[in-house]
Every structure is written in C-alpha cells, then in structure tokens.
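Here the structure comes first, spelled out in structure tokens, and everything after it is commentary.
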Amino acid sequence: MRKSLRLAVAAATGAALFATGAAITVASPANAVSAVALRALGIADIKVDTSVAFIPPTGSDTIPFVIKVNDPYVGNKAPTIKAEFWKEGEQTTSAGHSASVTQLTDLANSTPAPTPPTSPVEVKGTIPVSSSDKPTTSTGKWTLRVTVKPDGGDAVTKDETFEVKAATRVNGASVSPNPVTLKSGKDVDVFVAFELEKSGDEKLTDVRLESKSYDDYISLSTGMESDGKSYHDSASFDYSTSTGAWQLKITVTRGSKTYSFVKGFEVKKSGSSKASSKITLTASPTSLKKGKTTKLSGKVYRGSGAWKKKIMKLYFKKKGSSKWSFVGYVGSSSTGKFSKTVKPKYTGYWRLAATGTSTTYGSYSNYKLVTVK
C-alpha cells in the first residue's frame, strides 16, 4: 500500500496547506493551532500484534496494536485519538466497529506542567475479536483506522490492513476405552488420540488425563507424530485410580495466548459396589529450620463426598530411605478436613493412609516433601 499523509487546517480567518513540502499561511486568530505545530503532527506507524491476530477457539478476545504519533501535543493539550476497524468484506466508507484506545494525558492539568514526552509517543489499543468472526482469506484483510485530532486543529488519519488467521482447533479427540473399567490386580491401558489443526505457531504444551472430582491426574507426552498434526499416546490405570468423571485436557500455546480443550470420559470399577476413596495432602511450610513445625492438612473423600470422622495413619520416610515409618493417627472432621502439626527432625516425605472398609476402598495420599535445614 502506498502511504501518504495529507494535513489540512482551516480556521475562521485563515488556513494552511501542506502537500508537497511548501507551506502557504495566512493570518490566524490567537487561539488557532500554529502551522509549525500541525506540520509536525502525524501518525508515524501503526503496528498490529500479528502474533495473536487470530480468531479465538471459543468466546471473545482482543488483538493489541500500538500507534506511534509524532508531536501530538499542542502546547500541553493532548489530542483526541479514535480507532475503528472493518472486517474483511466491509466497506471502509461505512461506519466502522469501535476499537479501544488509550488516550494521552492532558499535560495542562498538571502543576507545574511537565515537558511533553519525546516524539514519537506510543499509544496502545485493542481490537475485539470473537469466535463467531471469520478469518481473512486471500481476497481481503481487516482494516484498522486511527484518527488523531490535535487540540483546536484538524484530524490526521491513517489506515493499516492486517490479516486475522483462523482459530486453533482440536479435532477427533478420543479416549479409549470409554468408560475405563478398572480390574483388581490388573492395569488397564487407556489410549488417547486427536488431531491439532494449526493455523499459526501453535505448540502443544500439556496433555493430561485428570479426575474432575479429585486431585488425580496422569501426564502424557507432548510430542506429535511425524505429520506434525496427529497425536497418539497411552497411560495405564491401576485399581487405586479414582473413579467417576475424568477428562482429557489438551493445552495449546499460540503466541502469548493459551487455550485448553477437553474431552470427558468415565472411570469405574468392575464387580464391586464399593465406593472409592481419596486423600489430598498439603504441607506448610515445606522448608523450615530444625526445631520448627509444619502443618499437614487436607481432605479425605469417600466417593464424591467427604469421608466424615475417618481415622487415618500418618507415615514418614526419610529422604534417601526406602522405608516408611508409622508416626501416628489423624482424624477427619464432619466435612472430611484434617490437620496435624508435626516437628520434623529430618528432611523427608509425609503421607497418609485411609484403611478400607466393607463399603469403601482404602487409599494413600500424595507425598509431601518437607526440607529441614
């Protein structure tokens, strides 16, 4: 696109025109903008952040842009800045869509008035974009128009066209088998597959199978097949795996944006009506001086609810050792929550165990490492 700048100024009793470098001026009233001030004014550059100029997979988002304005201040008066845009196929002669733009500070409101910032001045803005929008094709682009109007003078306008790429898509996500039926004494292989439809620099940053009710998940690899779009991996579920609703969660990063795609599946146990159990455990602090205490706390679940008044066993394993030592008992409240303060002598791992009953399977908590300095 050929870029040019035309600046016309009109006042009640005088005018100035700058087109080929020559200036013709006539007398102006005292409050009119000077020819020197307006000759300097201009939009030096508009830069749309093309790294995130794409349709979001769901919902709405924004596309940032930066405007560089030459000498926008008239004295200490800030200009008015307006930004609007047109999507592909829309005529720029019609009304545009509003874009957000940060207005410059009117320096005249400060006492004493500070020196106007060094030219050019950067102004930031954003263009709203929705999953219902269409990406650009080979026949056209979106147009952003920025208008800067100095105090008491005529506006300067500049257009910038840019491409809005298609949304990132995950197609054909599957978890097999579904439901996953756990069998006592056996591991069950669970297979994952999907296709990542790329429209830019998408990177697969995390793939996991996670329980929707408990703090239980299995991380999978982030490597794609040789075609760069197909994905296959598998994981083994044993009989202690939490039952209920699970999901495949696929996390993709594109530019500075991160999106997650999910696919639900079910995990259950065969040949039993027993409920599963689960213990979550945290430690605070996780690093302390010898002689100080740390608080172990969390919650114990039976099925999808709290395991009330459950007595659990607390174990400790010194770092570097393979042996767990019984420390004592911890009981849960009517809401399933528990806490216990301990004074570790050595750096090591802590965990809790809930013994099974005729109606509920037993379980162990996650490990928590506490460092003693």
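Atom set for the values below is all heavy atoms of this structure, side chains included, hydrogens, waters and symmetry mates excluded. Since the model is a prediction, treat every value here as computed from it, not as a measurement.
A side-chain donor from one of S132 and S130 sits under 3.5 Å from a side-chain acceptor of the other. A donor atom on one side chain and an acceptor atom on the other are not found under 3.5 Å apart for T347 and T371. A donor and an acceptor atom, one from each side chain of Y239 and Y361, are located under 3.5 Å apart. For the 3.5 Å distance criterion, the side chains of E88 and T139 qualify, holding a donor opposite an acceptor. Counting only N and O atoms by type, the side chains of D187 and S236 include no donor and acceptor under 3.5 Å apart.
Legend: residues meeting salt bridge (Lys or Arg N to Asp or Glu O under 4.0 Å) with R208, ordered by chain and number and at least two apart, are D206. Applying the side-chain hydrogen bond (donor to acceptor under 3.5 Å, both in side chains) test to S184 and every residue at least two apart in sequence or in another chain returns nothing. Shown here are the salt bridge (Lys or Arg N to Asp or Glu O under 4.0 Å) partners of R145, two or more places apart in sequence or in another chain: D159.
At distances below 3.5 Å, at least one donor-acceptor pair connects side-chain atoms of S332 with backbone N or O atoms of K309. Remark: the backbone N or O of I81 is paired with a side-chain donor or acceptor of Q103 at under 3.5 angstrom. The backbone N or O of K249 lies less than 3.5 Å from no partner atom in the side chain of S260, so there is not a single donor-acceptor pair. Side-chain N or O atoms of T282 include one that pairs as donor or acceptor with a backbone N or O of S297 at under 3.5 Å. T143 places no side-chain N or O within 3.5 Å of a backbone atom of W86 that could act as its donor or acceptor partner. For the pair T294 (side chain) and S284 (backbone), a donor-acceptor distance under 3.5 Å is present.
A cation-pi arrangement is found for K317 relative to Y349, the charged atom lying closer than 6.0 Å to the ring centre and inside a 45° cone about the ring normal. The cationic atom of K263 (NZ for Lys, CZ for Arg) does not lie both less than 6.0 Å from the six-membered ring centre of F194 and within 45° of the ring axis. Geometrically, K319 does not engage Y346 in a cation-pi contact, judged by NZ or CZ lying under 6.0 Å from the ring centre and within 45° of the ring axis.
Contact check for L296 versus L281: side-chain heavy atoms found under the 4.5 Å cut-off. Residues I63 and F85 fail the side-chain proximity criterion, which asks for heavy atoms closer than 4.5 Å. Side chains of T286 and L369 form no contact here, defined as non-hydrogen atoms less than 4.5 Å apart. Within the 4.5 Å cutoff, the side chain of T205 has no heavy atoms near those of the T222 side chain. With contacts defined as side-chain heavy-atom distances shorter than 4.5 Å, the pair V342/F316 does not qualify. In this structure, S325 and K318 have side chains that are not in contact, with every pair of non-hydrogen atoms separated by 4.5 Å or more. At least one side-chain heavy atom of T357 sits under 4.5 Å from a side-chain heavy atom of K310. Considering only heavy atoms from C-beta on, Y231 stays 4.5 Å or farther from I250 through its side chain.
Less than 6.0 angstrom separates the ring centroid of W324 from the ring centroid of Y367.
Closest heavy-atom contact between L220 and S234: CD2-O, 3.8 Å. Closest approach of S339 and V330 over heavy atoms only: O-CG1, 4.4 Å. Shortest non-hydrogen contact noted between R254 and S199 is NH2-O, 3.1 Å. Across all non-hydrogen atoms, the minimal contact from T280 to Y301 is CG2-CE1, 4.1 Å. Scanning both residues, V252 and T168, for their nearest heavy atoms gives CG1-CG2, 4.1 Å. Of all heavy-atom pairs between K269 and T241, the closest is CE-O, 4.1 Å.
Rounding to the nearest 0.5 Å places OG1 of T157 at 8.5 Å from CD of E84. How far CG of L248 is from CD1 of I218: 12.0 Å, rounded to the nearest 0.5 Å. The distance from the NZ atom of K278 to the CH2 atom of W307 is 13.5 Å, given to the nearest 0.5 Å. Taking NZ of K343 as the start and NZ of K292 as the end, the distance is 9.0 Å to the nearest 0.5 Å. With values rounded to the nearest 0.5 angstrom, K337 atom NZ is found 14.0 Å from K308 atom NZ.
Classified by interplanar angle (parallel below 30°, tilted 30° to 60°, perpendicular above 60°), the ring pair Y329/F326 is perpendicular. Note on ring orientation: taking the six-membered ring where Trp is involved, the planes of F265 and F237 are tilted (angle from 30° to 60°).
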Verdict with reasoning, K77 to D106, per side chain to side chain contact (heavy atoms under 4.5 Å, CB included): CA-CA 5 Å; K77 293 286 188 178; D106 193 340; 3.9 Å; yes
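Results of the side chain to side chain donor-acceptor pair (under 3.5 Å) test with S363 over S240, S277, S276 single out S277 as the only residue that passes.
Taken together through direct or relayed side-chain contacts under 4.5 Å among Ile, Leu, Val, Met, Phe, Trp and Tyr, L182 and Y364 form parts of separate hydrophobic clusters. The cluster map of Ile, Leu, Val, Met, Phe, Trp and Tyr, joined by side-chain heavy atoms under 4.5 Å apart, puts V327 and I279 in the same cluster. When the side chains of ILVMFWY residues are joined at heavy-atom separations under 4.5 Å, either directly or via intervening members, L314 and V372 end up in a single hydrophobic cluster. Hydrophobic clustering of Ile, Leu, Val, Met, Phe, Trp and Tyr side chains at less than 4.5 Å, counting indirect connections, unites V207 with V267.
A salt bridge does not link K141 with E163: none of the charged nitrogens is closer than 4.0 Å to a carboxylate oxygen.
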